[in-house]
Number of protein chains: 2
Amino acid sequence: MAQSIDRRAARTRKALQGALIALITRKGYEAVTVQDIIDEADVGRSTFYAHYTGKDDLLRKSFEQLRALLVDEQRDSADQVRSKDALLFSRAVFEHACEYRHAYRALVGSRGGVVAANELRRIIGDAVRKELSPRLGASTVPPDVVVQFVVGTFLTVLSSSLRRRPAMPPAEMEKVFRQLALRGIGWLIE
Amino acid sequence: MAQSIDRRAARTRKALQGALIALITRKGYEAVTVQDIIDEADVGRSTFYAHYTGKDDLLRKSFEQLRALLVDEQRDSADQVRSKDALLFSRAVFEHACEYRHAYRALVGSRGGVVAANELRRIIGDAVRKELSPRLGASTVPPDVVVQFVVGTFLTVLSSSLRRRPAMPPAEMEKVFRQLALRGIGWLIE
DNA sequence: TGAAAGCCGAACACTATGTTCAGTATCTTA
DNA sequence: TAAGATACTGAACATAGTGTTCGGCTTTCA
């Protein structure tokens with residue numbers, strides 16, 4: 001079974017990632033220090049730096065899980081490429097976000113959120129590009145701008161939704177997202 | 001003429017804001033320290049803190065200029081509320097951005113860019129809300145999400161455009177922005 | 001079971017932040 | 001134009017976080 005990682009190392013990493021998420025939901029990414037993390041995870045300082053180069057690195061690597069999820073999702077639904085159901089990658093992420101609701105809310109929008117947001121941008125950007133690039137006819141709008149637009153819309157809907165009370169279910173998020181991304185707001189202005 | 005500010009204070013602030021912009025374009029917001037700023041501006045450390053609470057504060061206050069611009073712009077064009085020309089506030093900002101092109105590019109997208117981006121978000125959000133709120137009929141999409149969507153789209157177009165070579169003229173930016181915001185991407189997918 | 005890999009934790013050097021204060025320069029206005 | 005108010009200087013200090021190093025201990029793997 002492929003070179004499995006040392007059990008201790010795995011434990012440590014899981015502890016650190018868990019600690020980070022816990023701390024983020026508790027006080028926001030910005031306010032979290034490396035010291036907090038290793039205290040919470042009960043791990044030595046030098047150990048931390050043996051695994052990650054810093055706070056940001058830890059955060060970025062904690063997104064691996066999500067990326068894997070997305071790749072799967074996209075592979076599974078690769079065959080049903082109907083014209084009507086574009087952008088269906090979004091569902092998986094919305095669900096992931098609702099599961100880690102508190103952490104996401106603390107991340108998206110806050111200052112350190114940029115690191116997270118950028119990571120999400122990359123991950124989602126890849127998904128969008130893969131799905132969209134073969135379907136974009138010639139247009140005045142450059143393709144990369146289109147991709148960025150879709151990603152931006154996605155993140156907007158995500159963070160707006162997470163802020164709302166009562167919580168918006170993933171299905172609703174997806175609907176709003178697709179309406180905005182596909183049709184803009186022209187149709188709902190009088 | 002209203003209580004004009006002390007000439008020395010004005011000088012100092014201008015120097016600090018100028019220094020910040022210069023440094024941002026030179027090495028990016030993140031890398032700039034307070035020490036850098038006061039060296040560049042040739043101002044005492046304590047003086048800096050007498051005016052601003054820190055780097056972020058200085059950045060935020062440096063956007064005052066832009067806000068004033070936008071408010072003017074919007075007042076001027078308040079009468080021509082035709083249905084066809086929505087979102088025309090954008091032009092002024094795109095032009096401002098092209099003027100401070102280098103600074104904007106260093107800001108939007110970089111990590112510290114969040115502070116700037118958030119500030120831009122607030123400023124533009126106000127403008128959008130003012131223009132849009134009376135024109136939004138009942139809809140499944142919550143109004144504040146709509147506003148955030150428009151703002152997000154704006155920022156996406158802005159940063160994508162600034163990254164492009166050769167430079168995209170403000171008029172072009174505006175066109176792309178309005179197409180995406182008003183009509184989404186449904187129409188350009190086959 | 002023994003070598004390899006991982007972990008501990010204290011100590012250290014470094015960088016940046018934000019405050020304080022006594023002395024000096026500049027402005028305002030009467 | 002002089003006096004009082006206001007602003008600036010610059011060095012010293014306290015605080016806080018970062019990232020590295022290293023000798024000694026523990027766990028894992030084969």
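Note on naming: letters A, B, ... go to the chains in the order of the sequence lines (proteins, then strands), and numbering restarts at 1 for each one.
Of the listed nucleotides (dA11(C), dA12(D), dT9(D)), dA12(D) has the atom at the smallest distance from the side chain of Arg45(B).
Donor-acceptor pairing under 3.5 Å is lacking for the side chains of Asp57(B) and Tyr49(B).
Regarding Phe48(A), its CZ atom lies at a distance of 14 Å from the C1' atom of dT20(D), rounded to whole Å. Rounded to a whole Å, the CD atom of Gln35(B) is 15 Å from the C1' atom of dC14(C). Atoms CD (Glu30(B)) and P (dT15(C)) sit 18 Å apart, rounded to a whole Å. Atom CD1 of Ile38(A) is separated from atom P of dG19(D) by 12 Å (rounded to the nearest Å). Atom P of nucleotide dT15(C) and atom NZ of Lys55(B) are separated by 17 Å, given to the nearest angstrom. Atom P of nucleotide dG18(C) and atom CG of Asp56(B) are separated by 9 Å, given to the nearest angstrom. Atom CD1 in Ile37(A) sits roughly 11 Å away from atom P in dG19(D) (whole-Å rounding). Regarding Asp36(A), its CG atom lies at a distance of 14 Å from the P atom of dG19(D), rounded to whole Å.
For Ala31(B) against Asp36(B), the heavy-atom pair with the smallest separation is O-OD2, 3.6 Å.
A 4.5 Å side-chain heavy-atom check between Phe149(A) and Val176(B) finds every atom pair outside the cut-off. Using a 4.5 Å cut-off on side-chain heavy atoms (C-beta onward), Leu59(A) and Tyr52(A) make no contact.
Put simply, Tyr49(B) has a side-chain N or O that comes within less than 4.0 Å of OP1 or OP2 on dG18(C). For dT9(D), the OP1/OP2 oxygens have a side-chain nitrogen or oxygen of Thr47(B) closer than 4.0 Å. For dT28(C), one of the phosphate oxygens OP1 or OP2 lies less than 4.0 angstrom from a side-chain nitrogen or oxygen of Arg7(B). Applying the 4.0 Å criterion to OP1 and OP2 of dC8(D), one finds that His51(B) has a side-chain N or O inside that range.
Among Phe63(B), Phe89(B), Tyr104(B), the single residue meeting the ring-ring contact (aromatic ring centres under 6.0 Å, His included) criterion with His96(B) is Tyr104(B). Each of Arg105(A), Glu174(A), Glu172(A), Met173(A) was checked for a side-chain contact (heavy atoms from CB on, under 4.5 Å) with Ser161(A), and the lone residue meeting it is Met173(A).
For the contact set between residues 8-22 of chain A and DNA chain D, defined by any heavy atom under 4.0 Å, the members are Arg8(A).
In this structure, Asp42(A) reaches the sugar-phosphate backbone alone: every heavy-atom distance under 4.0 Å involves primed, P, OP1 or OP2 atoms, never a base.
Between Val34(A) and Val43(B), the residue anchored closer to the 5' end of DNA chain D is Val43(B), taking for each the nucleotide with the nearest heavy atom.
Side-chain N/O atoms of Thr33(A) and base N/O atoms of dG17(D) include no donor-acceptor pair closer than 3.5 Å.
Here CG of Leu155(A) is found 12.0 Å from CD of Gln148(B). Values are rounded to the nearest 0.5 Å.
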